[in-house]
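Keep in mind that the numbers below use all heavy atoms, side chains included, and drop hydrogens, waters and symmetry copies. Throughout, a chain's letter reflects where its sequence line sits, starting with A, and its residues are numbered from 1. Everything quoted here is computed from the prediction, not taken from an experiment.
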4 protein chains.
Amino acid sequence: MATNNPAPPDSTRRSERSRRAIYDAAIALVVEVGYPKTTIEGIAARAGVGKQTIYRWWPSKADVLLEAFLDLSEQAARAAGQEPESGGAYGIPDTGDLAADLKLVLRATVDELRDPAFEAPSRALAAEGVVNEELGRRFVAQLLEPSLQLYVDRLRSAQEAGGVRPDVDPRIALELFVSPLAQRWLQYTGPISYEYTDTLVDYALNGLAPR
Amino acid sequence: MATNNPAPPDSTRRSERSRRAIYDAAIALVVEVGYPKTTIEGIAARAGVGKQTIYRWWPSKADVLLEAFLDLSEQAARAAGQEPESGGAYGIPDTGDLAADLKLVLRATVDELRDPAFEAPSRALAAEGVVNEELGRRFVAQLLEPSLQLYVDRLRSAQEAGGVRPDVDPRIALELFVSPLAQRWLQYTGPISYEYTDTLVDYALNGLAPR
Amino acid sequence: MATNNPAPPDSTRRSERSRRAIYDAAIALVVEVGYPKTTIEGIAARAGVGKQTIYRWWPSKADVLLEAFLDLSEQAARAAGQEPESGGAYGIPDTGDLAADLKLVLRATVDELRDPAFEAPSRALAAEGVVNEELGRRFVAQLLEPSLQLYVDRLRSAQEAGGVRPDVDPRIALELFVSPLAQRWLQYTGPISYEYTDTLVDYALNGLAPR
Amino acid sequence: MATNNPAPPDSTRRSERSRRAIYDAAIALVVEVGYPKTTIEGIAARAGVGKQTIYRWWPSKADVLLEAFLDLSEQAARAAGQEPESGGAYGIPDTGDLAADLKLVLRATVDELRDPAFEAPSRALAAEGVVNEELGRRFVAQLLEPSLQLYVDRLRSAQEAGGVRPDVDPRIALELFVSPLAQRWLQYTGPISYEYTDTLVDYALNGLAPR
DNA sequence: TGTTAACCGAGACGGTACGTCTCGTCTTGCG
DNA sequence: CGCAAGACGAGACGTACCGTCTCGGTTAACA
């Protein structure tokens, strides 16, 4: 019997200009004043847009920010795609030396985590996701999991090459070095450095027990 | 110098009864309606207390909840102390079998993470801590770090017994199995189970590379 | 120069329904609980209106009440206009007998001062006007002075007819019988009755000294 | 069965110093910030007195101010009594020329009404009295009526001397020139000047009608 | 090419909560 | 026991945003 609640808006007539302005305003405000002080009224005012234009297309502040951040990531990706040398998040290099490859990528992640332009909206979304399961799952599915999948791929390649035991589940294995970094960043449980991530890779590959 | 602006209240005259009522109301509301819908007005009303009594003693909603949660933990700890068999958070058992001991404690943690009475306030505080560095650090220092220290102790004991390589930094090592669990819980990046934590311990101790 | 700070609201979009509800609620509350216990929150709640709708259009409680009372007077006036026999506030009768005409009107005023529906808000505004000069002057200009002007007109007519000395200033002369009644009512300096106002007219017209 | 409500305080142990300080603080605050912004907390703080000391002895802010003002008047009276030449409010001169005597006293009243030290508390009390009948009646009985009685006395003397008709009620007669001045002052219905009060006396004594 | 239906900006509306202020009561030492 | 001090329960203050609801105005696609 079809959805009949508030009559869904006609997305073909949507103003692209407004959408862009809203994304930009949302990101800018989160960076400038933080997520809790970013309000829908503020976004609308900054974007030069009526409040209803936001409420028409997004159900909540968190959703605006999630889309804005996805958009930002795509832009960054497109920009990165232009300079194809950068391994970046687009495929983990496979030099045959697993430890070296992982250390390289984690060092790049450390750099990214320290970039204020990414940090503020990332934290905002992560925090909202902690407390709002639905958004959290979307955040993970759309932003986190694709990146983690790259580790899965690299670990599987290493398994084929004999550098990782074949009975190891790569999806769990990657957490041994990714999650510690994530937790230190999210919860301020410790400092983040290249040395630290290098150590994580070594511990994870070699284990804590004597060989 | 000396006394400054708002004249700090005289803590010797503080009403113990009000403090307790505020703790209880805060925890109850977070469990019932979630952190964002928990308001200071609501806490005050539920506790049968004037709003000013909250503003007098705490600077923000997050601080109320942090203290309330600390208090809750202490109560739980005291209760646990009554039944001294429970290893609980008070020291990790040391049977000589490191893997078994860690698995046991992580299974207990899994249970705790699933207890709704702990989950709601924990998430609320963790989320606020992600976005509010000062609170995050206090959350870690007062709640998380003491627990992690127990792992440090147990790992050091294992190092002396030869079950862990002597060059390993225990504070980092513990993150190999604790952080993955934390991240799955915080960010819904994957399911949580006894099997999962058992696997984490095995991977961390033995490493991913073939031996 | 030109438009300054808080951006004045667009009065064309104002809700007539809300305005009416606010007037009614304000008058009702002043009658029921008195001026000091009439709060903006109370008016808003009673009118089924958001507080901001009051703060948007009026700068203070006193202003709300002044307008509400002006509105009430206009309503009463329109109602009185329907029954055109009533001299009421709309012109003092001019039968040629000045004393009789004044006594008649003052007796009507006595009745009005005793009507509880008028008394509570009138007192409230008068009291506020005593202590708040700006409001007091508006109260006088918009409510009191128009009524007093009717006496001026009647006295001038009497001067033309020779019943009042031509050198008398009617604006002052009217105070001889109007102000005593006003003061007794405002300050409880004495009882109010037809006999009293009749006496005032006689004393004022004939003077205290023997003729 | 005697009043037994809150156990009446023992007035013999009352602190005279506190009472004085409270009077002074109350008057000073009303003059400085106006009656509505004068709070009990503010009086207590300024007087260096506990709030309870005020609540113990007075039922309301208005009562404090009424007593403070009565006290002030007594002080002023005692001061005036020292310089016995001043006719002041203490007896209206009786030179035989009623009009001249009244004009003189009313001119002194005009001066008093313009003295800011008297104006602020007088207005405050008058305003409160408009809206609070009980206080209003006490204000009149203790402050106003004694002054008015002096006019009664002078008018009676004039009646004996034949300057005022014997059938005139002096208590009403005095209102012909006193109330207009009172109303202009209270309600800002017109300017106050010597010329104005002189005119009032002339009109009242001679009447408005031609002789 | 003129009509019309939508999205658009703007912002008023009924509400909720904020953090502050003051009320009048209650509690705790000091003298 | 009166007092200074001030914490307390209560609740109004005026502000900021919430999410909904009109308002014209513009801007397509259709007639």
Side-chain angles (χ1 to χ4, degrees), chain A residues 6-7 9-15 17-18 21 37-45 47-57 59-61, chain B residues 6-7 9-15 17-18 21 36-42 44-45 47-57 59-61, chain C residues 6-7 9-15 17-18 21 36-45 47-57 59-61, chain D residues 6-7 9-15 17-18 21 37-42 44-45 47-57 59-61:
Chain A
D10 176 352
S11 51
T12 68
R13 312 193 52 177
R14 185 167 182 182
S15 160
R17 144 190 267 279
S18 293
K37 289 196 171 175
T38 297
T39 66
I40 297 221
E41 299 220 343
I43 296 172
V49 139
K51 285 199 296 175
Q52 197 66 309
T53 301
I54 299 183
Y55 285 109
R56 183 153 34 227
W57 301 109
S60 76
K61 178 172 78 165
Chain B
D10 177 351
S11 51
T12 66
R13 319 191 59 181
R14 186 166 181 183
S15 162
R17 146 189 265 279
S18 293
K37 290 195 172 177
T38 296
T39 66
I40 297 223
E41 297 218 343
V49 138
K51 286 201 291 177
Q52 200 56 38
T53 300
I54 299 183
Y55 285 109
R56 183 153 33 227
W57 300 110
S60 76
K61 179 171 76 164
Chain C
D10 177 351
S11 51
T12 67
R13 318 192 62 184
R14 185 166 182 183
S15 162
R17 147 189 266 278
S18 293
K37 290 194 172 177
T38 296
T39 65
I40 298 223
E41 297 220 340
I43 296 171
V49 138
K51 284 201 292 177
Q52 201 55 42
T53 299
I54 299 184
Y55 286 110
R56 184 153 32 230
W57 301 110
S60 75
K61 181 170 75 165
Chain D
D10 176 352
S11 51
T12 66
R13 310 194 50 178
R14 185 166 182 183
S15 160
R17 142 190 268 279
S18 293
K37 289 195 171 175
T38 297
T39 66
I40 296 221
E41 300 220 342
V49 140
K51 286 200 296 176
Q52 202 55 35
T53 300
I54 299 183
Y55 285 110
R56 184 153 31 228
W57 301 110
S60 77
K61 179 171 77 166

Of all residues at least two apart in sequence or in a different chain, which pass the side-chain contact (heavy atoms from CB on, under 4.5 Å) check with [X]?
{"X": "Arg56(C)", "answer": "Pro9(C), Gln52(C), Thr53(C)"}
{"X": "Arg14(A)", "answer": "Arg19(A), Trp57(A), Trp58(A)"}
{"X": "Ala21(D)", "answer": "Ala47(D)"}

To the nearest Å, give me how far apart [atom1] ([X]) and [atom2] ([N]) are.
{"X": "Tyr55(D)", "N": "dC26(E)", "atom1": "OH", "atom2": "P", "result": "13 Å"}
{"X": "Lys61(A)", "N": "dG19(F)", "atom1": "NZ", "atom2": "C1'", "result": "14 Å"}
{"X": "Ile54(C)", "N": "dA12(E)", "atom1": "CD1", "atom2": "P", "result": "16 Å"}

Which atom pairs link the protein and nucleotides 13-17 of chain E when you take only N or O atoms and keep those under 3.5 Å?
{"unit_1": "dC13(E)", "atom_1": "OP1", "unit_2": "Ser15(C)", "atom_2": "N", "d": "2.9"}
{"unit_1": "dC13(E)", "atom_1": "OP2", "unit_2": "Arg56(C)", "atom_2": "NE", "d": "2.9"}
{"unit_1": "dC13(E)", "atom_1": "OP2", "unit_2": "Arg56(C)", "atom_2": "NH2", "d": "3.3"}
{"unit_1": "dC13(E)", "atom_1": "OP2", "unit_2": "Trp57(C)", "atom_2": "NE1", "d": "2.7"}
{"unit_1": "dG14(E)", "atom_1": "OP1", "unit_2": "Ser18(C)", "atom_2": "OG", "d": "2.7"}
{"unit_1": "dG14(E)", "atom_1": "OP2", "unit_2": "Gly50(C)", "atom_2": "N", "d": "3.4"}
{"unit_1": "dG14(E)", "atom_1": "OP2", "unit_2": "Thr53(C)", "atom_2": "OG1", "d": "2.7"}

Checklist entry - Sequence neighbours excluded, which residues qualify as side chain to side chain donor-acceptor pair (under 3.5 Å) partners of Ser11(B)? => result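 Applying side chain to side chain donor-acceptor pair (under 3.5 Å) to Ser11(B) gives none.
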Item to check | Residue list, salt bridge (charged side-chain N to carboxylate O under 4.0 Å, His left out) with Lys51(D), at least two apart or on another chain | outcome: Glu41(D)
